Amino acid sequence: MSVNLYIKDFKSLKVWQKANALEQEIGELVKGFPNFEQYRLTDQLVRAVRSIGANIAEGNTQLFVKKEIVHANIALGSAGEVRNHLLTAYQNGYINREQYDALDEKLIEIIKMLYGYIKRLKLEIGNDSDFSDSLYNLYLSLNISPILRFSHTKSKPHV
């Protein structure tokens with residue numbers, strides 16, 4: 001008796017593809033950071049960006065949707081951590097404004113996709129009660145970060 005098994009492939013998820021591309025881009029970017037940051041900001045940034053894709057992959061490979069949601073939420077937290085580390089890199093002059101803005105935009109897109117992914121998974125199990133539709137809709141409607149605003153007269157961001 002033969003049983004056909006369906007094995008989910010995380011590599012087919014657009015959110016994982018974007019996270020993976022960002023991981024590669026940041027991996028190249030940190031090569032230009034000062035040597036004294038190797039075991040500080042560089043290491044933290046690389047670990048955090050790797051965590052996004054790794055948690056998407058780990059969750060998508062789970063048998064239980066609730067575990068997939070947990071890992072997607074961890075990926076969401078890692079995306080926030082990467083945003084913080086990139087802001088630190090910008091504030092310390094390791095990356096320029098254009099680099100910062102481009103990478104932050106990619107992270108916001110990944111965050112939006114993760115919100116949608118989590119929402120879809122919650123609907124799949126018939127439980128979206130602890131998911132805030134208003135927060136999700138707010139994030140989707142933003143063209144910039146809800147927390148970080150740039151002044152037109154200053155070169156550094158203010159929170």
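Scope of the values below: all heavy atoms of this structure, side chains included, with no hydrogens, waters or symmetry mates. Because the structure is predicted, anything quoted here is derived from the model rather than measured.
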Check your understanding: Which atoms form the tightest heavy-atom contact between Ile52 and Ala75, and what is the distance?
Key -> O-CB, 3.5 Å
Check your understanding: Taking C-beta and beyond as the side chain, do Asn60 and Glu68 meet within less than 4.5 Å on heavy atoms?
Key -> yes
Practice item. Look only at the side chain of Asn92 and the backbone of Tyr94, and say whether a donor-acceptor pair between them is shorter than 3.5 Å. Key: no
Exercise for review: Provide the closest heavy-atom pair for Gln99 versus Leu29 in the form atom of the first, atom of the second, distance.
Suggested key: NE2-CD1, 3.4 Å
Check your understanding: Quick one: does Val82's side chain get under 4.5 Å of Leu103's, heavy atoms only?
Key -> no
Review point. Are the side chains of Leu121 and Glu124 in touch, meaning some heavy atoms are under 4.5 Å apart?
Key: yes
Point to revise | Salt bridge present between Glu37 and Arg40 (N-O < 4.0 angstrom) | key: yes
Practice item. Grab the two heavy atoms, one from Ala57 and one from Thr61, that are nearest each other, plus how far apart they are. Key: O-OG1, 2.7 Å
**Study point:** ILVMFWY network linking Phe64 to Ile118, side-chain heavy atoms under 4.5 angstrom
**Key:** no
Exercise for review: Please indicate whether Phe36 has more than 12 foreign heavy atoms, meaning atoms of other residues, nucleotides or ligands, lying under 6.0 Å from its CZ.
Suggested key: yes
**Study point:** Least distance between heavy atoms, Leu86 atom then Ile95 atom
**Key:** O-CD1, 3.7 Å
Point to revise | Hphob cluster co-occupancy, Leu22 + Ile74, side-chain heavy atoms under 4.5 angstrom | key: no
Exercise for review: Please identify each residue that fulfils side-chain contact (heavy atoms from CB on, under 4.5 Å) with Asn20, with sequence neighbours left out.
Suggested key: Trp16, Glu23, Gln24
Study note, to complete from the structure: Correct closest heavy-atom pair for Glu25 and Lys106 would be OE1-NZ, 2.5 Å
Review point. Taking side chain as C-beta onward, heavy atoms only, is Ile69 less than 4.5 Å from Ile125?
Key: yes
Review point. Which atoms form the tightest heavy-atom contact between Tyr115 and Leu76, and what is the distance?
Key: CE2-CD2, 4.0 Å
Exercise for review: Report yes if some heavy atom in the side chain of Arg83 is under 4.5 Å from a heavy atom in the side chain of Asp104; otherwise report no.
Suggested key: yes
**Study point:** Euclidean distance, Ile56 CD1 relative to Lys11 NZ, rounded to 0.5 Å
**Key:** 14.5 Å
Review point. Are Leu45 and Thr88 side-chain neighbours, meaning at least one heavy-atom pair lies under 4.5 Å?
Key: no
